[in-house]
Amino acid sequence: MTALGFLYPGHSGEDDYPRIEQLLGSDIRVDLVHTDIGEDAHRVDALLEMGSPRRLEAGVAELRLAGADAVVWACTSGSFVHGWDGAHEQVRALAQAAGLPASSTSFAFVHAAKEIGVRRVSIGATYPDDVARLFADFLGAAGIEVADVVSSGIITAAEVGTWTEEEVLALARDADRPDAEAVLLPDTALHTAAHIPALEKELGKPVLTANQVTIWEGLRLADRRVNAPELGALFTREPLVQV
């Protein structure tokens with residue numbers, strides 16, 4: 001049994017996680033602990049506080065007791081807002097507190113893009129433009145070129161969590177560019193797990209979404225590779241473990 005631990009901020013798109021767990025196979029368990037987010041706002045000061053050590057460490061003990069093999073901070077904006085160096089420090093502190101391999105959704109996007117071999121992407125962000133641009137800067141620090149950034153200007157995760165499949169598809173279409181090798185949808189509040197095949201069919205290219213790459217990052221930390229085509233191109237790479 002591989003047990004993956006996730007610290008998820010508040011309540012919005014977390015039902016993606018049991019959905020994905022069902023697609024991964026019976027020997028993979030997904031444990032989710034909700035962290036206290038403070039103020040629900042896609043605003044730099046609120047996001048810095050959301051990802052502060054005291055808020056993340058509060059959920060670590062529960063994941064350790066659950067027997068997690070790795071832990072991932074399941075929040076993109078609450079990690080990249082700290083910048084490249086700050087996000088590394090955030091993960092180091094999380095690993096030290098948990099005594100486990102650790103990462104965050106921001107780094108998951110970087111590793112996932114490299115896994116599928118893309119160097120130029122476009123971003124469809126639910127966030128306000130200033131926050132979305134920080135994600136583009138984060139990717140740039142990792143050597144990933146950003147063709148364009150489209151922002152929806154949504155302030156709260158609660159509102160993002162209400163988006164329908166059509167709204168998710170519209171965001172991805174708006175963000176797509178001919179010279180982008182993949183489209184990234186970076187908000188873990190956005191329900192995407194059920195829509196990835198439709199997104200990739202619509203755009204004709206890989207689509208990386210926050211909850212999808214977060215789960216994949218947990219598997220990577222646990223040294224697992226799972227073939228789950230319903231989760232998109234990211235989950236159909238070699239080497240494969242059939243489920």
Side-chain angles (χ1 to χ4, degrees), residues 13 41-44 46-48 50-51 72-91 103-155 157 160 163 167-190 192 195-196 198-217 220 231-235 237:
H42 289 143
R43 202 179 62 241
V44 171
L47 294 169
L48 288 169
M50 182 189 300
V72 182
W73 167 223
C75 184
T76 325
S77 57
S79 46
F80 70 70
V81 75
H82 292 266
W84 183 255
D85 292 337
H88 273 96
E89 180 55 39
Q90 182 186 59
V91 166
S103 188
S104 69
T105 304
S106 292
F107 289 116
F109 272 108
V110 171
H111 297 148
K114 293 180 178 180
E115 171 74 7
I116 62 175
V118 301
R119 298 176 59 87
R120 187 170 175 82
V121 304
S122 59
I123 298 170
T126 53
Y127 320 126
D129 185 67
D130 63 327
V131 174
R133 296 287 169 183
L134 292 177
F135 183 49
D137 292 344
F138 185 90
L139 295 176
I144 298 171
E145 297 179 29
V146 177
D148 203 359
V149 180
V150 170
S151 304
S152 298
I154 305 300
I155 296 298
V160 173
W163 274 32
E167 288 172 302
V168 175
L169 285 168
L171 176 61
R173 283 193 297 265
D174 288 347
D176 190 22
R177 298 293 179 268
D179 59 339
E181 299 169 282
V183 173
L184 277 52
L185 305 180
D187 198 339
T188 57
L190 194 64
T192 58
H195 313 322
I196 295 170
L199 287 163
E200 295 193 335
K201 182 179 180 180
E202 175 82 11
L203 303 185
K205 63 183 62 174
V207 176
L208 299 178
T209 75
N211 293 325
Q212 169 214 37
V213 302
T214 299
I215 293 280
W216 180 86
E217 182 77 343
R220 187 189 69 82
L231 293 173
L234 179 61
F235 280 83
R237 302 290 293 178

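Not measured: the values here are computed from a predicted model. Hydrogens, waters and symmetry mates play no part in the numbers below; they use all other heavy atoms, side chains included.
The backbone N or O of P186 lies less than 3.5 Å from a partner atom in the side chain of T76, making a donor-acceptor pair. Judged purely by atom type and a 3.5 angstrom limit, S122 uses its side chain to pair as donor or acceptor with the backbone of A175. Using a distance-only test at 3.5 Å, with no hydrogens or angles considered, no donor-acceptor pair links the side chain of E217 to the main chain of H111. Side-chain atoms of N211 come within 3.5 Å of backbone N or O of T188 as a donor-acceptor pair. Using a distance-only test at 3.5 Å, with no hydrogens or angles considered, a donor-acceptor pair links the side chain of T105 to the main chain of C75. Side-chain N or O atoms of E200 include one that pairs as donor or acceptor with a backbone N or O of V207 at under 3.5 Å.
Nearest heavy-atom pair across A46 and A41 is CB-O, 3.6 Å. The shortest heavy-atom contact between V213 and A112 is CG1-CB, 3.9 Å. A147 and A180 get closest at one heavy-atom pair: CB-CB, 4.3 Å. A132 approaches V149 most closely through the heavy-atom pair CB-CG1, 3.7 Å.
Side-chain contact between L139 and E145 is absent, with no heavy atoms from C-beta onward closer than 4.5 Å. You'll find the side chain of S77 reaches within 4.5 Å of the side chain of Y127, heavy atoms only. Within the 4.5 Å cutoff, no side-chain heavy atoms of L208 are placed close to those of L185. You'll find the side chain of L47 reaches within 4.5 Å of the side chain of V131, heavy atoms only.
With sequence neighbours excluded, the residues satisfying side chain to side chain contact (heavy atoms under 4.5 Å, CB included) with E167 are W163, T164. Under the side chain to side chain contact (heavy atoms under 4.5 Å, CB included) criterion, V118 pairs with A113, I116, V121, E181, A182, not counting sequence neighbours.
Of the charged side-chain nitrogens involved, none lies within less than 4.0 Å of a carboxylate oxygen, so that D130 and R43 do not count as a salt-bridged pair. A salt bridge links D129 with R133; the closest basic N to acidic carboxylate O contact falls under 4.0 Å. Comment: R173 engages E202 in a salt bridge, judged by a side-chain N to carboxylate O separation of less than 4.0 angstrom.
Taken to the nearest 0.5 Å, the CG atom of D176 stands 4.5 Å off from the CG atom of L203. In this structure, CG on D187 lies 4.5 Å from NE2 on H42, to the nearest 0.5 angstrom. Atom CD of residue Q90 and atom CG of residue L48 lie 9.5 Å apart, to the nearest 0.5 angstrom. With rounding to the nearest 0.5 angstrom, the CG atom of D174 is 7.5 Å from the OG atom of S152. Here the CG-CD1 distance, from L171 to I154, works out to 9.5 Å after rounding to the nearest 0.5 Å. For the atom pair CH2 of W216 and CG of L231, the computed distance is 13.0 Å after rounding to the nearest 0.5 Å.
If you look at F107 and F80, their ring centroids are not closer than 6.0 Å. Ring centroid separation for the pair F135 and F109 comes in under the 6.0 Å cut-off.
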* To do: Please test L199 against L169 for side chain to side chain contact (heavy atoms under 4.5 Å, CB included), starting from the C-alpha separation and ending with a verdict.
  => CA-CA 6 Å; L199 287 163; L169 285 168; 3.5 Å; yes

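The residue from V146, D179, I144 that alone fulfils the side chain to side chain contact (heavy atoms under 4.5 Å, CB included) condition with R120 is D179.
Surrounding CZ of R177 are more than 12 heavy atoms belonging to other residues, nucleotides or ligands, all under 6.0 Å away.
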